[in-house]
Amino acid sequence: YMYSFGKMHHTKLIDSFNSLPTDFFEKEISIVDWGCGQGMATMTFIDFLNQKKIKQEIKSVTLIEPSVIALRRASLNVKKLYATSKIITVNKYLDSVTKDDFEKKKGVQKLHLFSNILDIDLFSLTNLLSLINTKFAGENYFVCVSPFVNDTRTSRLNSFVKYFSKEKDFAQQLSIDNRTGEWQNNWTRVLRVFKVTLQ
C-alpha cells in the first residue's frame with residue numbers, strides 16, 4: 001500500500017508543507033499525527049526539512065493510530081529519521097482519544113497532520129474538534145490532505161476548517177481541490193493548510 005500510493009501522497013504532502021510561512025520554521029514545534037498509519041506524514045515532513053536544509057527543533061511527535069502493527073512501524077520509522085524527538089504513541093481510535101493522551105506543552109507551536117483521515121466518516125468530528133479546542137492552547141498549524149472522492153467527503157474536511165475559521169486570527173495558507181484529470185497522473189487531492197491560535 002505504502003509503495004503504490006506513496007509517491008502520490010508524498011507529493012500532496014510536500015505541496016502542503018511548501019505553503020507553511022517562513023516564520024513557522026523558526027520556532028520549535030510538537031507534531032501530532034492523527035491516524036498516522038505507518039507515519040508517512042511525519043516522515044515526509046522530516047524529509048521536507050532535510051531537502052530544504054531547514055533545522056527545526058521538533059520537541060515531540062505524537063503518533064495516534066488504532067493498529068498496533070502500523071503504530072509500531074510508524075514509531076520506528078520516525079525514530080530512525082529524527083532520533084532527538086520524544087515519541088509518544090497513542091494506540092487508539094480517534095473517538096477514544098482523550099485530553100490525557102497529550103502532554104501539557106505551553107508555548108510550543110503545534111503542527112497537526114491529518115493525512116487521509118478527515119474525509120472518512122468513521123469518527124465523530126464534533127468530539128475531535130472539542131478535544132483540539134480544549135487541549136491545544138496557543139499557535140496551531142493544520143495540514144489536512146485527502147483524495148477527492150466525492151463532495152460529501154470533502155464537505156467533512158471543509159466543516160473541520162470552517163469550525164476554526166471563526167477564531168479571530170485564523171489564516172488559511174492553502175486550499176486546493178483537484179478532481180480526476182485536474183492534476184498530474186490523474187491523481188486527485190483536497191489540501192487545506194491553516195493556522196489558528198486557540199485560547
Side-chain angles (χ1 to χ4, degrees), residues 1-17 20 29-51 56 58-103 105 108 110-132 135-136 140-150 152-154 156-157 160 185 187-193:
Y1 168 80
M2 252 183 98
Y3 180 76
S4 56
F5 290 104
K7 197 168 166 39
M8 165 179 72
H9 201 55
H10 187 268
T11 309
K12 290 181 194 178
L13 285 161
I14 294 288
D15 283 355
S16 301
F17 298 144
L20 292 164
I29 57 166
S30 286
I31 294 175
V32 185
D33 195 339
W34 299 84
C36 69
Q38 296 177 17
M40 186 164 174
T42 299
M43 292 185 325
T44 305
F45 180 70
I46 295 165
D47 192 28
F48 171 82
L49 293 180
N50 293 339
Q51 279 175 12
Q56 184 169 30
I58 300 174
K59 291 288 279 186
S60 66
V61 178
T62 303
L63 300 165
I64 304 166
E65 168 58 46
S67 155
V68 177
I69 295 163
L71 187 59
R72 212 169 279 158
R73 177 75 50 85
S75 176
L76 287 169
N77 287 340
V78 174
K79 261 195 194 101
K80 233 179 269 167
L81 281 172
Y82 220 87
T84 56
S85 301
K86 178 175 188 180
I87 294 171
I88 300 147
T89 55
V90 180
N91 181 210
K92 290 182 174 182
Y93 286 95
L94 289 194
D95 275 342
S96 316
V97 176
T98 69
K99 55 181 191 296
D100 300 332
D101 290 315
F102 302 97
E103 293 189 305
K105 277 226 180 56
V108 178
K110 320 285 183 306
L111 174 63
H112 298 266
L113 302 174
F114 286 94
S115 172
N116 293 355
I117 184 86
L118 280 178
D119 64 322
I120 295 170
D121 206 358
L122 291 174
F123 61 92
S124 157
L125 215 47
T126 317
N127 288 359
L128 175 66
L129 289 165
S130 134
L131 173 66
I132 292 172
K135 189 63 201 185
F136 294 98
N140 292 273
Y141 282 82
F142 291 84
V143 170
C144 313
V145 175
S146 287
F148 177 84
V149 180
N150 56 43
T152 310
R153 281 178 60 165
T154 300
R156 212 175 131 81
L157 207 144
F160 181 81
N185 301 347
W187 295 339
T188 69
R189 61 181 180 169
V190 177
L191 310 182
R192 302 285 183 272
V193 179

>> I'd like to check the side-chain hydrogen bond (donor to acceptor under 3.5 Å, both in side chains) partners of D101; sequence neighbours left out, ordered by chain and number.
In response: K92
> Looking only at heavy atoms, which two atoms of L118 and C144 are closest? And how far apart?
Replying inline: CD1-SG, 3.7 Å
> Is there a donor-acceptor pair under 3.5 Å between the side chain of E65 and the backbone N or O of G37?
Replying inline: yes
> Got L131 and F102 here, is their nearest side-chain heavy-atom distance under 4.5 Å?
Replying inline: yes
>> Just to verify, what does E103 make a side-chain hydrogen bond (donor to acceptor under 3.5 Å, both in side chains) with, not counting sequence neighbours?
In response: K86, K105
> Taking the side chain as C-beta and beyond, is there a heavy-atom pair between V61 and L63 under 4.5 Å?
Replying inline: yes
> Does the side chain to side chain contact (heavy atoms under 4.5 Å, CB included) test come out yes or no for N127 and L94, once each step is laid out?
Replying inline: CA-CA 9 Å; N127 288 359; L94 289 194; over 6 Å; no
> Counting N and O atoms only, with roles assigned by atom type, does the side chain of R73 sit under 3.5 Å from a partner on the main chain of Q38, one being a donor and the other an acceptor?
Replying inline: no
> If every non-hydrogen atom of A41 is compared with every non-hydrogen atom of D33, which pair is closest and at what distance?
Replying inline: CB-OD2, 3.8 Å
> Say you draw a straight line from NZ of K12 to CG of L191; how long is it, rounded to the nearest 0.5 Å?
Replying inline: 7.5 Å
>> Minimum heavy-atom separation for K7 and T11, please, with both atom names.
In response: O-OG1, 2.7 Å
>> The test is side chain to side chain contact (heavy atoms under 4.5 Å, CB included); show your working for V32 and I132 and say whether it passes.
In response: CA-CA 11 Å; V32 185; I132 292 172; over 6 Å; no
>> If the condition is side chain to side chain contact (heavy atoms under 4.5 Å, CB included), which residues does N50 pass it with, not counting sequence neighbours?
In response: I46
> Can you tell me how far CG of N91 sits from OG of S67, rounded to the nearest 0.5 angstrom?
Replying inline: 7.5 Å
>> Could you walk me through whether R189 and D15 satisfy the side chain to side chain contact (heavy atoms under 4.5 Å, CB included) test, starting with their C-alpha distance in whole Å, then the side-chain angles of each, then the deciding distance to 0.1 Å, before giving a yes or no?
In response: CA-CA 11 Å; R189 61 181 180 169; D15 283 355; 2.7 Å; yes
> NZ of K135 to OG of S130: how many Å apart, nearest 0.5 Å?
Replying inline: 12.5 Å
> Could you state the interatomic distance from OG (S85) to CD1 (I29), rounded to the nearest 0.5 Å?
Replying inline: 8.5 Å
>> Using 0.5 Å steps for rounding, measure from the NZ atom of K59 to the OG1 atom of T84.
In response: 10.0 Å
> Minimum heavy-atom separation for S16 to V143, with atom names?
Replying inline: CB-CG1, 3.6 Å
>> Please enumerate all residues that pass side chain to side chain contact (heavy atoms under 4.5 Å, CB included) together with I14, with sequence neighbours excluded.
In response: H10, N18, T44, F48, Q51
> So with a 6.0 Å cut-off around CZ of R72, is the heavy-atom count from everything else above 12?
Replying inline: no
>> Restricting to ring pair (Phe, Tyr, Trp, His ring centres under 6.0 Å), what partner residues turn up for F160, sequence neighbours left out?
In response: F114, F142, F164
> Any idea which heavy atoms bring I58 and L49 closest together, and the distance?
Replying inline: CD1-CD1, 4.0 Å
> What do the steps show when you test S30 against T62 for side chain to side chain contact (heavy atoms under 4.5 Å, CB included), and what is the final call?
Replying inline: CA-CA 8 Å; S30 286; T62 303; over 6 Å; no
> In chain order, what residues pass the side chain to side chain contact (heavy atoms under 4.5 Å, CB included) check against T188, with sequence neighbours excluded?
Replying inline: P147, F148, T180
> Within a strict 4.5 Å, meaning less than it, do heavy atoms of the I31 and F45 side chains meet?
Replying inline: yes
> Is there side-chain contact between F17 and V145, with heavy atoms separated by less than 4.5 Å?
Replying inline: no
>> Please find the pair of heavy atoms, one from L71 and one from C36, that lie closest to each other, and give the distance.
In response: CD1-SG, 4.1 Å
>> To the closest 0.5 Å, what do you measure between CE (M40) and CG (L113)?
In response: 12.0 Å
> In this structure, which one of I120, L125, V190 forms a side chain to side chain contact (heavy atoms under 4.5 Å, CB included) with L157?
Replying inline: V190
> So, N185 side chain and W187 main chain: donor-acceptor pair closer than 3.5 Å or not?
Replying inline: no
